[in-house]
Amino acid sequence: MKTTYFKIHEADNVAIALEQLAPGSEIQFTGGSCTAAETIPRGHKVALADLEPGQDVIKYGYPIGRATKRVPAGSWVHSHNMRTNLEGTLEYEYRPSYSVRTGEAGTPGTAVPVETAPPARPAPTPAGPTFKGYRRKNGAVGVRNEIWIIPTVSCANHTADVLAKLASVDFGDACDGIFAFPHNSGCSQLGDDHRMTQKLLAAIAKHPNAGGVLLVSLGCENNNIHEFLPVLGDYDRDRFRVLVTQEAGDELGTGLELLRELAEIVKQDKRVRVPASELKIAFKCGGSDSLSGVTANPLCGTVADRITSLGGSAVLTEVPEMFGAETILMNRADSRETFEKVVNLINSFKQYYLDYGQPVYENPSPGNKEGGITTLEEKSLGCVQKGGRAVVSDTLDYGEPVRRPGLNLMTGPGNDNVSITDLVASGAQILLFTTGRGNPLGTAIPCIKLSSNTALYERKRHWIDFNAGTIVDGDSLEKLSEKLWKLVLEVASGKKTRSEINGFREIMLFKNGVLL
């Protein structure tokens, strides 16, 4: 008999309808059964037992809110009869769920249940998994060898776009591609906002996937070249060029000559064999549905576990989508110091909302709700699955590079464009992006797009690289994990993702302040 529902955890009192359930449909589950009392939309929750007013609704083994009225077994559970339990900022107590043993040679600790703590994993060896990447002068490794054209101000966006198109035709085959990254900032900003723009652009410009960089300035902006270059700090001057369009007689001709110079340098670069431990992998979800936290996100979690166990780094952002599940991450902190940093990350972002007089828990989005997600706790418990069970080793602010192996939590909103830009700025070379409703978005680094359900994969194969939806059809998480890991290493070695093939490459800088 075909399974038409999915119960995630044995303690859950709701299940997910894998297809629309008609009234009278029988629902059998471990320890009992019930009958659908009404139409249950695909992807939405059905009560497996009677729920009384105020009773917790349990999914993933955790409360995702509470019933607002009596909900008989077999009934549809959604916004009309349940609400969030969350409100305001909180105080937290460090209750480590793992005993963290420090690895050797700078590798991350191994997170294991306190009562069964084994010795730490050994340090990565050359015999471990590898990929073919580009070793940069500063020791960093890129998975692409591209030329990036970065405007210092939005006024130079179109010039950068035109230069990228002309250069791609003339000598684009000298590297993995020549790309412009227009954005929304660079002038009329003050204080922290101005510094934030500079910090993010500097981090992106120094990304190891860029073998050469052309900075394009208008000349009169707040973030002019004389103000911006010092922010770059130590950088490979052989691989940077500067174009100030107000000063050049023919900015397109001058820009093309500068790009040609970079192409002559970059085309000499060759891929070399590199340990997979040098990968920094970022994780993001967008357009989530109720299966995202069951299929695609836990699958990403196995990659996070794998890369951190090898001594590499995983980066997770979307701080508002940690609210309600933050203690799971806090209790995986490798020390009390890291725990305090995570607490500050969470409460600072809540305060950001409160400073603007906005509700902290104004989430999920309309699309999330249509896909079956009701409360922020439910969304967050699915979202944090992307971090697997890895030890949380550090937190990062906007524009801060990854400093430590292990799972890094980066500040940033849930907004897709802004958060993927934050992840690029962290130095992550590859992004795994899960979606249940579909999203073609790409960014400056290769983006592996995973669908949470097979229907989306079959409808949008030109967007999606990997179908995680077969997990609910019986494929094992272990089998798909091996397949996804193989794809990650192939992409790291040069295989193009759908977003790269489609030319979807966007950045958007976070802004929070006065605009002159």
Side-chain angles (χ1 to χ4, degrees), residues 60 64 84 86 200 280-289 292-293 296-301 303-304 313-330 332 341-353 358-369 371 373 375-388 390 392 394-400 402 407-426 428 430-437 439 441-443 445 447-450 452 506-510 512:
Y60 299 103
I64 61 168
T84 179
L86 301 176
L200 285 166
K280 301 176 180 68
I281 301 177
F283 299 89
K284 172 77 179 78
C285 52
S288 299
D289 69 353
S292 294
N297 289 353
L299 185 58
C300 283
V303 174
S313 303
V315 192
L316 197 64
T317 187
E318 303 174 282
V319 175
E321 294 171 26
M322 299 175 190
F323 297 167
E326 66 267 43
T327 56
I328 296 173
L329 297 170
M330 290 174 179
R332 296 216 309 263
K341 291 171 75 173
V342 178
V343 170
N344 182 64
L345 179 84
I346 296 295
N347 278 338
S348 293
F349 217 93
K350 290 180 180 179
Q351 191 60 49
Y352 160 61
Y353 284 176
Q358 299 300 317
V360 171
Y361 304 109
E362 187 58 38
N363 212 328
S365 70
N368 295 151
K369 291 180 179 179
I373 298 173
T375 64
L376 184 52
E377 300 102 296
E378 182 178 7
K379 187 175 183 179
S380 295
L381 285 164
C383 181
V384 300
Q385 302 290 326
K386 299 193 298 294
V392 177
D394 205 0
T395 64
L396 307 173
D397 200 357
Y398 294 103
E400 283 192 340
V402 171
L407 179 59
N408 292 254
L409 307 181
M410 188 170 199
T411 196
N415 177 274
D416 292 343
N417 260 310
V418 173
S419 58
I420 61 177
T421 304
D422 296 342
L423 293 168
V424 173
S426 78
I430 293 175
L431 169 65
L432 270 61
F433 189 120
T434 70
T435 182
R437 298 180 60 79
N439 190 332
L441 189 67
T443 189
I445 58 177
C447 175
I448 299 174
K449 201 68 61 72
L450 295 87
S452 70
E506 294 84 27
I507 65 171
M508 182 182 290
L509 308 184
F510 180 77
N512 175 34

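Residue numbers count from 1 along this sequence. Heavy-atom basis, side chains included; hydrogens, waters and symmetry copies ignored. Just so it is clear, the structure is predicted and the values come from calculations on it, not from any experiment.
Between Phe433 and Thr443, every side-chain heavy-atom pair lies at or beyond the 4.5 Å cut-off. The closest side-chain heavy-atom distance from Ile507 to Val424 is not below 4.5 Å. Here the side chains of Asn408 and Lys280 are not in contact, with every heavy-atom distance at 4.5 Å or above. Looking only at side-chain heavy atoms (C-beta outward), Asp422 and Leu200 come within less than 4.5 Å of each other. Annotation: side chain of Thr411 is not in contact with side chain of Thr395 (no heavy-atom distance under 4.5 Å). Counting heavy atoms from C-beta on, the side chains of Leu381 and Ile328 come closer than 4.5 Å. When side chains are defined from C-beta on, Cys300 counts as touching Leu450, because their heavy atoms get closer than 4.5 Å. Contact of the Met322 side chain with the Leu409 side chain is registered, since non-hydrogen atoms from C-beta on lie closer than 4.5 Å.
Separating the CD1 atom in Ile430 from the SG atom in Cys447 is a distance of 10.5 Å, to the nearest 0.5 Å. Once rounded to the nearest 0.5 Å, the distance linking CE of Met410 with OG of Ser426 reads 5.0 Å. Taking SG of Cys383 as the reference point, atom CD of Glu378 lies at 12.5 Å (rounded to 0.5 Å). One distance of note links OG1 of Thr375 with CG of Leu86; it measures 7.0 Å at 0.5 Å rounding.
In this structure, Asp397 has no side-chain hydrogen bond (donor to acceptor under 3.5 Å, both in side chains) partners at least two apart in sequence or on a different chain. The side-chain hydrogen bond (donor to acceptor under 3.5 Å, both in side chains) search around Glu506 returns none, not counting sequence neighbours. Taking Glu377 as the reference, nothing meets the salt bridge (Lys or Arg N to Asp or Glu O under 4.0 Å) condition, with sequence neighbours excluded. Partners of Ser452 according to the side-chain hydrogen bond (donor to acceptor under 3.5 Å, both in side chains) rule, which considers only residues two or more places apart in sequence or in another chain, are Asp289. Applying the side-chain contact (heavy atoms from CB on, under 4.5 Å) test to Gln385 and every residue at least two apart in sequence or in another chain returns Tyr60, Asn297, Pro298. In this view, Lys449 satisfies the salt bridge (Lys or Arg N to Asp or Glu O under 4.0 Å) rule with no residue, not counting sequence neighbours.
The nearest pair of heavy atoms linking Ser292 to Gly436 is OG-N, 3.9 Å. Of all heavy-atom pairs between Ser288 and Asn368, the closest is O-ND2, 3.1 Å. Counting all heavy atoms, side chain and backbone alike, Pro320 lies closest to Ser380 at O-OG, 3.9 Å. Nearest heavy-atom pair, Gly399 versus Ala425, reported as atom, atom and distance to 0.1 Å: CA-CB, 4.0 Å. Between Asn439 and Leu441, the shortest heavy-atom distance links the atoms OD1-N, 2.9 Å.
Salt-bridge formation is detected for the pair Glu318/Lys386: a Lys NZ or Arg NE/NH1/NH2 atom is positioned less than 4.0 Å from an Asp or Glu carboxylate oxygen. Using a 4.0 Å cut-off between charged nitrogen and carboxylate oxygen, Glu326 and Lys350 count as a salt-bridge pair.
No donor-acceptor distance shorter than 3.5 angstrom exists from the side chain of Ser348 to the backbone of Leu345, with no hydrogens or angles considered.
Between Tyr353 and Phe323, the two ring planes are perpendicular [angle over 60°; tilted spans 30° to 60°].
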